[in-house]
Every structure is written in structure tokens, then in C-alpha cells.
Chemist: 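Supplied in C-alpha cells, the structure appears directly below.
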Amino acid sequence: MKDIFHDLYNKVLSFFTSTEEVDPTKGVAINRLKTVLLQDRAGFSERAIQMMKEELVSVVSKYMEIDDENFQLQIDALENKTILNLSIPVTRPKTDDEIDEAIKEQSLKNQKKAEEIVKELEGLIKEKAMALADGEEIDSELIEKAQKNIEEKDEETENKEEKAEEESSCEEQEEKKETETKETTGSSKKKKKK
């Protein structure tokens with residue numbers, strides 16, 4: 001009797017579960033196809049999604065350690081809405097010191113990028129000055145590119161200044177609180193002595 005129920009259980013279970021092995025390349029191909037179809041429906045390009053994923057990994061990595069290999073970004077299109085689903089496996093949150101270090105590293109990278117843009121602009125200016133000296137006309141696309149680079153550099157500089165102001169105001173507030181705490185503690189000790 002036990003064997004009959006065991007066989008029946010196995011038959012029912014096999015109906016609901018698949019016993020065939022899944023080919024790993026088949027799974028990758030299916031996921032890739034789903035991604036392409038979703039991108040097409042949502043109107044996002046492969047490049048845009050990859051850039052978004054890289055930026056999200058960068059931002060989240062400042063505050064916690066993540067398993068970026070298993071980071072998943074999925075965009076679904078439903079009727080007139082686009083839904084962004086993220087799956088971010090977190091290893092552990094970072095300490096305040098680690099977060100501060102990550103922010104400093106990012107600001108150094110931004111500074112290096114700004115310096116590279118300045119060097120590129122200087123090269124373009126020299127090139128165009130030489131072209132003018134030789135009597136050639138300046139290409140309007142190069143002028144637009146130089147203006148765009150200047151605007152980006154100005155924006156980065158403004159962002160750096162805002163961050164520096166925020167950090168200094170936070171530090172000033174912390175110092176003020178510490179001073180007030182010390183003064184409060186000192187005055188309460190004097191009252192106790194009296």
C-alpha cells in the first residue's frame with residue numbers, strides 16, 4: 001500500500017516539476033531575448049540600460065557592498081507605464097568612514113575628468129587658433145563641442161562647490177553642537193557645586 005501511494009506521489013510530483021536539465025546557454029539566450037523585447041517595448045536602448053545599470057551600481061556601491069555580478073535591472077512595459085525593477089544583492093552596509101572615502105574617491109575622479117576636459121579644450125583652442133592664422137574657417141561642430149565641454153566643467157565646478165559648502169556647514173553644525181553640549185555640561189556641573 002505504501003508503495004502505491006509513493007508511486008502516485010512521484011507521478012503527481014513529476015507532472016508539476018520538470019526533470020529535464022536546463023541548458024545554461026538556453027537560459028541566457030531566453031533572458032537576453034526577454035531583455036531585448038522589454039527594451040523595445042519600453043523604448044530604451046541597450047546602451048541606455050547599460051549606462052543606467054553602471055550608474056546605479058556606482059551609487060549603491062558608495063553606501064554598501066553589493067554583489068554586482070548578480071545585480072539585475074529589469075524594465076517592464078505595461079500599457080502606458082514603464083516599471084523599473086531592481087534586484088541588488090547586498091553583502092553588507094558600509095561604515096561612515098568607508099562612505100566618506102568613497103565620496104572622496106568620486107570627487108577625485110570628477111576632478112581628473114574636469115582636468116582632462118580642460119586639456120582637451122586647450123588643444124582645440126590651439127588647433128583652431130592655428131587654423132585661423134592659416135586662414136582656414138573654423139568648424140561649427142567643434143565650437144559647439146567646446147562650448148558643451150565648458151558648460152559641463154562649469155556644472156561640475158558648481159557641484160563641487162555646493163558639496164564643499166554642505167560639508168563645511170555640517171561640520172560647523174557638529175562643532176556648534178559639541179560646544180553647546182560642553183557648555184551645558186559645564187554649567188550643570190557649576191550648579192551642582194553651588
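Position 1 is the first residue of the sequence, and the numbers go up from there. Quick note: numbers below take in every heavy atom, side chains included, and nothing from hydrogens, waters or symmetry partners.
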Chemist: Partners of M64 by side chain to side chain contact (heavy atoms under 4.5 Å, CB included), sequence neighbours excluded?
Modeler: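 Scan of M64 (side chain to side chain contact (heavy atoms under 4.5 Å, CB included), adjacent residues dropped) gives V60, I66, V90.
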Chemist: Rounded at 0.5 Å granularity, tell me how far NZ in K119 sits from CG in L124.
Modeler: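 If I round to the nearest 0.5 Å, the distance is 14.5 Å.
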Chemist: Please give the remaining members of the hydrophobic cluster of I103, linking ILVMFWY side chains under 4.5 Å, ordered by chain and number.
Modeler: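 Y63, I99, all in the cluster of I103.
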Chemist: Looking at residues at least two apart in the chain, or sitting in another chain, which of them share a side chain to side chain contact (heavy atoms under 4.5 Å, CB included) with Q111?
Modeler: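 Side chain to side chain contact (heavy atoms under 4.5 Å, CB included) check on Q111 returns L108, E115, K160.
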Chemist: Other hydrophobic cluster members with V59, side-chain heavy atoms of Ile/Leu/Val/Met/Phe/Trp/Tyr under 4.5 Å, chained?
Modeler: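 Members alongside V59: none; it stands by itself.
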Chemist: Indicate, with yes or no, if L84 and I49 share a hydrophobic cluster defined by side-chain heavy-atom contacts under 4.5 Å among Ile, Leu, Val, Met, Phe, Trp and Tyr.
Modeler: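 Both belong to a single hydrophobic cluster.
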Chemist: Mind checking side-chain hydrogen bond (donor to acceptor under 3.5 Å, both in side chains) for E54 and listing every partner two or more places apart, or none if nothing turns up?
Modeler: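 For E54, the residues satisfying side-chain hydrogen bond (donor to acceptor under 3.5 Å, both in side chains) (neighbours in sequence not counted) are Q50.
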Chemist: With salt bridge (charged side-chain N to carboxylate O under 4.0 Å, His left out) as the rule and sequence neighbours excluded, what pairs involving residues 88-104 come up?
Modeler: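 For residues 88-104, and leaving out neighbouring residues, the salt bridge (charged side-chain N to carboxylate O under 4.0 Å, His left out) pairs sorted by first residue read E65-R92, R92-E98.
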Chemist: Output all residues satisfying side chain to side chain contact (heavy atoms under 4.5 Å, CB included) with E120, sequence neighbours left out; order by chain, then residue number.
Modeler: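 Partners of E120 under the side chain to side chain contact (heavy atoms under 4.5 Å, CB included) test: K145, N149.
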Chemist: Give, for atom CG of N110 and atom CD of E105, the distance between the pair rounded to the nearest 0.5 Å.
Modeler: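 Output value for this atom pair is 12.0 Å.
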Chemist: Go through the structure and list residues passing side chain to side chain contact (heavy atoms under 4.5 Å, CB included) with N70, not counting sequence neighbours.
Modeler: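 D67, P89.
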Chemist: Going by side-chain heavy atoms closer than 4.5 Å, which hydrophobic residues are tied to V118, directly or by a chain of links?
Modeler: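 None, because no other hydrophobic side chain comes under 4.5 Å of this residue.
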Chemist: Can you sort out the partners of E152 under side-chain hydrogen bond (donor to acceptor under 3.5 Å, both in side chains), two or more places apart, ordered by chain and number?
Modeler: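 So E152 forms no side-chain hydrogen bond (donor to acceptor under 3.5 Å, both in side chains) with any residue.
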Chemist: Surrounding CE of M51 (heavy atoms of other residues, nucleotides or ligands, distance under 6.0 Å), is the total greater than 12?
Modeler: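 No - once you tally the heavy atoms of other residues, nucleotides and ligands closer than 6.0 Å, there are 12 at most.
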Chemist: Distance from Q72 atom CD to N85 atom CG, nearest 0.5 Å?
Modeler: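 If I round to the nearest 0.5 Å, the distance is 10.0 Å.
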Chemist: To the nearest 0.5 angstrom, please state how far the OG atom of S58 sits from the NZ atom of K109.
Modeler: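 Nearest 0.5 Å value for the OG-NZ distance: 6.5 Å.
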Chemist: Going by the rule salt bridge (Lys or Arg N to Asp or Glu O under 4.0 Å), which residues pair with E116 if we only count those two or more places apart in sequence or in a different chain?
Modeler: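 None.
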